Q: 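Pasting a structure here, questions to come.
The shown structure was predicted, so the numbers you read here are calculated from the model rather than taken from an experiment. Residues take their numbers from the sequence shown, with the count starting at 1.
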Amino acid sequence: MTLLGPDWRPARGLATVAFRTSPPVQLLVMLRFLALHGVPAHELRASTRLLYRCGALTLALNTADPLLLLGWGCVGPAFLARFHTLTHPAQLPEAAPLPSLNR
């Protein structure tokens, strides 16, 4: 007898949907399936922790991009001005101060 029981055809459709999605969604579907079919919660504890960590990592990655864009908006113009003055030093007037990289 397999983990899915003697008749695994209904689970095959569920597995097909799960394996065509992202790994956290796969884990969520598998955890829910196993919980509904009587697997004790203490046996799923490590997998549940992994699911929570995947969710936290996804949240961190989704919020990091806008924060990086905000940071680039603050320091990017100063970096570009520095790069321009290093590659074209004759085009910059002598009296113009360089922008500070520290804000």
Q: Quick check for you: to the nearest 0.5 Å, what is the distance between Leu44 atom CG and Leu50 atom CG?
A: 12.0 Å
Q: Side-chain donor-acceptor contacts of residues 51-79 below 3.5 Å, not counting sequence neighbours, with atom names and distances?
A:
{"from": "Thr58", "atom 1": "OG1", "to": "Cys54", "atom 2": "O", "distance (Å)": "2.8"}
{"from": "Asn62", "atom 1": "ND2", "to": "Thr58", "atom 2": "O", "distance (Å)": "3.3"}
{"from": "Thr63", "atom 1": "OG1", "to": "Leu59", "atom 2": "O", "distance (Å)": "2.9"}
{"from": "Thr63", "atom 1": "OG1", "to": "Ala60", "atom 2": "O", "distance (Å)": "3.2"}

Q: Say whether, by atom type as modelled, one donor and one acceptor occur between the side chain of His37 and the main chain of Phe33 under 3.5 angstrom.
A: yes
